[in-house]
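Only one structure is covered here, and it is reproduced in the block below.
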Amino acid sequence: MASIAIAQAKPKLWVPGDWNAFFGFGTNILVNVLTLTALLRFVLKMPDSLVFGRILPATGLMLCLSTLYYAWLAYRLAQKTGRSDVCALPSGTSVPHMFVVVFVVMMPILGKTGDPVQAWEAGLTWVFVQSFVLMAGGFIAPVIRRITPRAALLGSLAGISITFISMRPASQMFVTPVIGLVCFALILVSWFGGVRYFKGVPAGLVAIGVGTIIAWGSNFYGLHYGGLSVGALADAVANFGFSYPVPALAHVLGGFKFLGVILVTAIPFGIYDLVEAMDNVESAAAAGDSFPTTRVLTADGVISLIGCLMGNPFINAVYIGHPGWKSMGGRIGYSAATGIFVILLSWLGVVAVMMTLIPVVAILPILLYIGMLIGSQAFQETPKSHAPAIILALVPQIAAWGKLQIDGALGAAGTNATALGFDKLEQVGVLYRGLEVLGGGATLAGIVLGAVTVFVIESQFLKASAFALAGAVLTFFGLIHSEAIGIGSSPAVAVSYLGIAAFLFGCARFAKVVPQMAAMPHAHRLSTEPAE
C-alpha cells in the first residue's frame with residue numbers, strides 16, 4: 001500500500017496544459033532571444049561569428065540550465081505538497097538588463113575602443129559582478145519579503161507590467177494591426193474566454209501560425225505586413241551550423257580594465273534583480289506556489305555566473321508571469337521543454353532563420369497578455385483597502401518609462417535633456433527632472449512608497465516610519481531616486497523621507513486614530529505571509 005501511495009504522489013512531468021504554456025513561454029523566450037540578437041548585430045555591429053558562434057550558444061546554455069532548474073524546483077514542491085497544480089517559475093534573460101548592458105556598458109566601450117570584442121568583454125565582467133550581488137542578496141531577501149506588505153511588492157511589479165512589458169508590445173501591435181490585433185484576439189478568447197481551438201491546438205501556436213500566414217500572404221499583394229522577405233530568409237539560412245559554448249574566462253578577466261564603468265551600474269542593477277526576483281517569488285506565492293526565495297536568488301546568480309564564464313553577457317532572472325503560465329495549465333514540463341527548445345535554437349543557428357521567418361508582431365500579443373495578468377494580480381491578491389498603495393507603488397515605474405521615452409526621442413534628434421535644458425522642457429510640460437528623480441531605482445522606490453502607504457492605511461505607523469527611514473537611507477546612498485550610486489545624490493528627497501519617518505513615529509506614539517472611510521472593506525488587517 002505504501003508503494004502505491006508513493007506512486008500516486010509522484011508528480012507528472014507533463015500535462016496537457018503544458019502545451020499551452022510551452023508555446024506561450026517558448027515564444028516569449030524566442031522574442032527575447034531575437035531582441036538580444038538584433039541588439040548585438042545591428043546596434044553594437046558585432047560580427048556574426050561572435051554573435052552566432054560564441055554569444056548565442058552560451059546564452060542558450062544559460063537559459064537551458066535555468067529552465068531545467070526551475071522545473072526541478074517545481075517537481076520538488078509538487079512532491080513535497082502532494083499537489084498536482086504546481087507551476088514552475090518562468091526564467092530567462094532579464095529584459096531591462098538586456099538594454100542596460102548594451103547601451104550603458106557595451107556601447108560606450110565600443111565607442112571608446114572601436115573593438116566589439118572589448119565591448120563584449122565589458123559585458124561579461126558586468127554579469128560577473130552582478131552574479132555575486134545576487135548570490136549574496138539571496139540570504140537577506142527572505143527577511144525583506146517577510147516584513148514587506150504584498151501590495152507593495154505586487155504594486156511595484158504591476159508598474160513594470162504596465163510600462164516595460166505591456167506598452168511596447170501594445171504599441172507595435174497597433175502599428176501593424178492586421179497581424180497584431182488579429183493574433184491578440186485569438187489569444188484573448190482562448191486564455192481569458194476559454195475558447196478551445198480545433199483538436200486542442202494551443203492558442204499561442206494558432207496566433208503565431210495565423211500571423212505568419214498573414215505576413216507572408218501580404219507579400220504577394222505588395223503590402224509586406226511584418227517586414228518579411230524571401231531574400232532575407234535565404235541569407236539567414238547561411239548561418240545554419242552547429243556551435244557550442246566554450247570557456248571565456250580570459251575574456252571575462254579582460255573586461256576588468258573597464259571596472260570603473262561597470263560598477264556604476266552592476267551593483268545597483270544587481271540589487272534591482274534581487275528586488276525584482278523577490279517580487280516575482282511573491283507573485284508565484286500569491287498564485288499558490290511558494291518557492292524558497294534564497295534558492296531562487298542564489299540560483300539566478302550561479303546560473304548567470306556560469307553563463308558569463310561561457311561567453312554570455314546577459315543576466316539570468318526569474319520572470320514575472322508565473323500566474324499567467326499557471327492559468328494556461330502550465331505545470332512542470334513547459335519549463336524543461338523550453339530549455340531544450342532554446343538550446344536547439346541557439347546551438348544550431350536556427351535563431352537567424354527565425355528572425356526572418358516569423359513576424360515578431362505575431363508573438364507580441366502573448367507579452368501583452370502576461371502584462372495584463374500581472375497588473376491585475378496586484379489588485380486581486382491584496383485587500384481592497386490597499387488599492388491606493390498599489391497605485392503609488394507603480395508610479396515610479398511609469399516615471400522611469402516616461403524618462404526612457406524622452407531620452408530615446410532626444411537621442412534620435414542628436415541631443416539630450418541636459419544639452420537642451422530642463423527649463424525648456426518644463427515650458428512645454430515635460431517635467432524631466434521630476435521623472436528622473438521619481439523613476440530612479442523605480443522597483444525599490446515603488447516598494448518603499450507602497451509599504452509606507454499600506455502601513456498608514458492599517459494605522460501601523462511605527463512600521464510605516466521604519467520603511468520611510470529605509471527610504472531615507474536608500475536615497476542617501478543613491479539606490480533610489482538617483483541615476484547612480486553615490487553619497488547624497490538626492491539630499492532633498494532623503495531629508496524629506498527622514499521628516500516623514502519622524503512624523504509617522506510621532507503618530508505612532510501620540511496620535512489618536514479615528515476610523516475613517518467605514519464604508520470601505522477595511523476589515524482585512526495586514527497579514528504578511530512567510531517566505532519559505
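Every heavy atom of this structure was used, including side-chain atoms; hydrogens, water molecules and symmetry mates were not.
- Smallest separation of non-hydrogen atoms from Ala88 and Ser335: CB-CB, 3.7 Å.
- Summarising the geometry of Leu186 relative to Ala207, their closest heavy-atom pair is CD1-CA, 4.0 Å, with the distance given to 0.1 Å.
- Checking side-chain atoms of Ser156 against main-chain N and O of Gly446 turns up no donor-acceptor pair under 3.5 Å.
- Residues Tyr334 and Cys87 come closest through the heavy atom pair CE2-SG, 3.7 Å.
- Summarising the geometry of Ala58 relative to Gly307, their closest heavy-atom pair is CB-O, 4.1 Å, with the distance given to 0.1 Å.
- Considering CZ of Phe23 and CE of Met328, their distance stands at 12.5 Å, rounded to 0.5 Å.
- Considering only heavy atoms from C-beta on, Met62 stays 4.5 Å or farther from Ile306 through its side chain.
- For the side-chain hydrogen bond (donor to acceptor under 3.5 Å, both in side chains) test, no residue two or more places apart in sequence or in another chain qualifies with Thr338.
- Counting only residues at least two apart or on different chains, the salt bridge (Lys or Arg N to Asp or Glu O under 4.0 Å) pairs with a member in residues 306-330 are Asp85-Lys326, Asp289-Lys326.
- With values rounded to the nearest 0.5 angstrom, Ile366 atom CD1 is found 4.5 Å from Ile187 atom CD1.
- Judged purely by distance below 3.5 Å, without hydrogens or angles, the side chains of Gln377 and Ser283 pair a donor atom with an acceptor atom.
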- Message: Assess the residue pair Tyr369 and Phe192 against the criterion (ring-ring contact (aromatic ring centres under 6.0 Å, His included)); give the C-alpha distance rounded to whole Å, side-chain angles, the decisive distance to 0.1 Å, and a yes or no.
- Response: CA-CA 9 Å; Tyr369 163 80; Phe192 277 137; 5.0 Å; yes

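- With rounding to the nearest 0.5 angstrom, the CG atom of Leu73 is 10.5 Å from the CD1 atom of Ile332.
- Other residues, nucleotides and ligands contribute at most 12 non-hydrogen atoms within 6.0 Å of the OH atom of Tyr244.
- Judged by distance alone, the side chains of Asp300 and Tyr70 do bring a donor and an acceptor atom under 3.5 Å apart.
- When the ring-ring contact (aromatic ring centres under 6.0 Å, His included) test is applied to Phe341, the partners found at least two apart in sequence or on another chain are Phe22.
- Atom CG in Leu373 sits 11.0 Å away from atom CG in Leu368 (nearest 0.5 Å).
- Here the straight-line distance linking atom CG of Leu63 with atom CG of Leu345 works out to 10.0 Å at 0.5 Å rounding.
- The CG atom of Asn32 lies 5.0 Å from the OG1 atom of Thr93; values are rounded to the nearest 0.5 Å.
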